[in-house]
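This report refers to the structure that appears directly beneath it.
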Amino acid sequence: MTYVVAFDDSPLSQAALGRAVAFAKATNESVVAVAAIPRDSAAARERGWLSGDETFSVERVAENLTDHVTDVDPDVEFDYRVVDKYAPRGRVSREVRELAVEHDATVVFIGSDNAGRMVGGITSIGQNVSADDRYDVHIVRHVAD
């Protein structure tokens with residue numbers, strides 16, 4: 001089994017990653033964090049994927065996200081797909097779904113403020129990712145310490 005986490009380094013995706021790692025340790029399974037990275041330097045900086053002096057490249061963003069993932073747990077793998085600068089949510093969610101299938105996900109962890117509510121209420125790419133019946137979905141809400 002593999003637990004896949006939709007990861008963009010937001011607090012919600014960090015919470016989902018933490019939950020996936022905890023489940024994986026309890027069940028002796030592996031975790032893969034996945035992302036769709038747009039070819040967009042402004043978005044990368046806005047999301048904190050690049051520091052102020054780093055030159056944009058998709059590879060640099062992927063390295064930084066990998067570092068953030070392995071800071072949580074060094075055994076977590078990171079995988080990504082590249083999307084256009086103006087890729088719609090549907091395209092982003094499709095790439096995340098396909099990565100989940102490629103990694104033979106049994107459960108996909110998604111961070112959402114709407115955890116515990118109807119899946120249709122998820123306003124991020126999570127609604128489209130959670131609609132796929134090729135894996136189970138675990139929706140995590142970030143709870144502040």
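Note that the numbering runs from 1 along the sequence shown for the chain. What you see is a predicted model, and the numbers here were worked out from it, not measured in a lab. Only this structure's heavy atoms are used, side chains among them; waters, hydrogens and symmetry mates stay out.
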Without placing hydrogens or testing angles, list every side-chain donor-acceptor pair under 3.5 Å for residues 43-52, not counting sequence neighbours.
residue, atom, partner, partner atom, Å
Arg45, NH1, Ser51, O, 2.8
Arg45, NH1, Glu54, O, 3.2
Arg45, NH2, Glu54, O, 2.5
Trp49, NE1, Asp8, O, 2.9
Ser51, OG, Asp53, OD1, 2.9
Ser51, OG, Glu54, OE1, 3.3

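Closest approach of Gly111 to Ala16, counting heavy atoms only: N-CB, 3.6 Å. Among all heavy-atom pairs drawn from Ala100 and Val108, the shortest one is CB-CG2, 3.8 Å. When all heavy atoms are compared, the tightest approach of Ala36 to Val83 is CB-CG1, 4.1 Å. Between Ala6 and Val96, the closest heavy-atom pair is CB-CG1, 4.1 Å.
The salt bridge (charged side-chain N to carboxylate O under 4.0 Å, His left out) analysis of residues 25-34, with sequence neighbours excluded, yields the pairs Lys25-Asp73.
Glu63 pairs by the salt bridge (charged side-chain N to carboxylate O under 4.0 Å, His left out) definition with Arg60, not counting sequence neighbours. The salt bridge (charged side-chain N to carboxylate O under 4.0 Å, His left out) search around Asp104 returns none, not counting sequence neighbours. Among residues two or more places apart in sequence or in another chain, the ring-ring contact (aromatic ring centres under 6.0 Å, His included) test is passed with Phe7 by none. Residues satisfying the salt bridge (charged side-chain N to carboxylate O under 4.0 Å, His left out) test with Arg39, not counting sequence neighbours, are Asp84. Listed by chain and residue number, Gln14, His68 satisfy the side chain to side chain donor-acceptor pair (under 3.5 Å) test with Asp9 (two or more places apart in sequence, or in another chain). For the side-chain contact (heavy atoms from CB on, under 4.5 Å) test, residues two or more places apart in sequence or in another chain that qualify with Thr66 are Thr70, Phe78.
In terms of modelled atom types and a separation under 3.5 Å, the side chain of Thr106 and the main chain of Thr2 share a donor-acceptor contact.
To the nearest 0.5 Å, atoms CE (Met1) and CG (Asn28) are separated by 9.5 Å.
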Practice prompt. Step by step, work out the side chain to side chain contact (heavy atoms under 4.5 Å, CB included) result for Tyr80 and Val61.
Written response: CA-CA 10 Å; Tyr80 68 97; Val61 169; over 6 Å; no
Practice prompt. Begin from the C-alpha positions of Val5 and Val31 and carry the test side chain to side chain contact (heavy atoms under 4.5 Å, CB included) through to its verdict.
Written response: CA-CA 7 Å; Val5 181; Val31 177; 4.0 Å; yes
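A salt bridge links Arg91 to Glu95: one of the charged nitrogens lies within less than 4.0 Å of a carboxylate oxygen.
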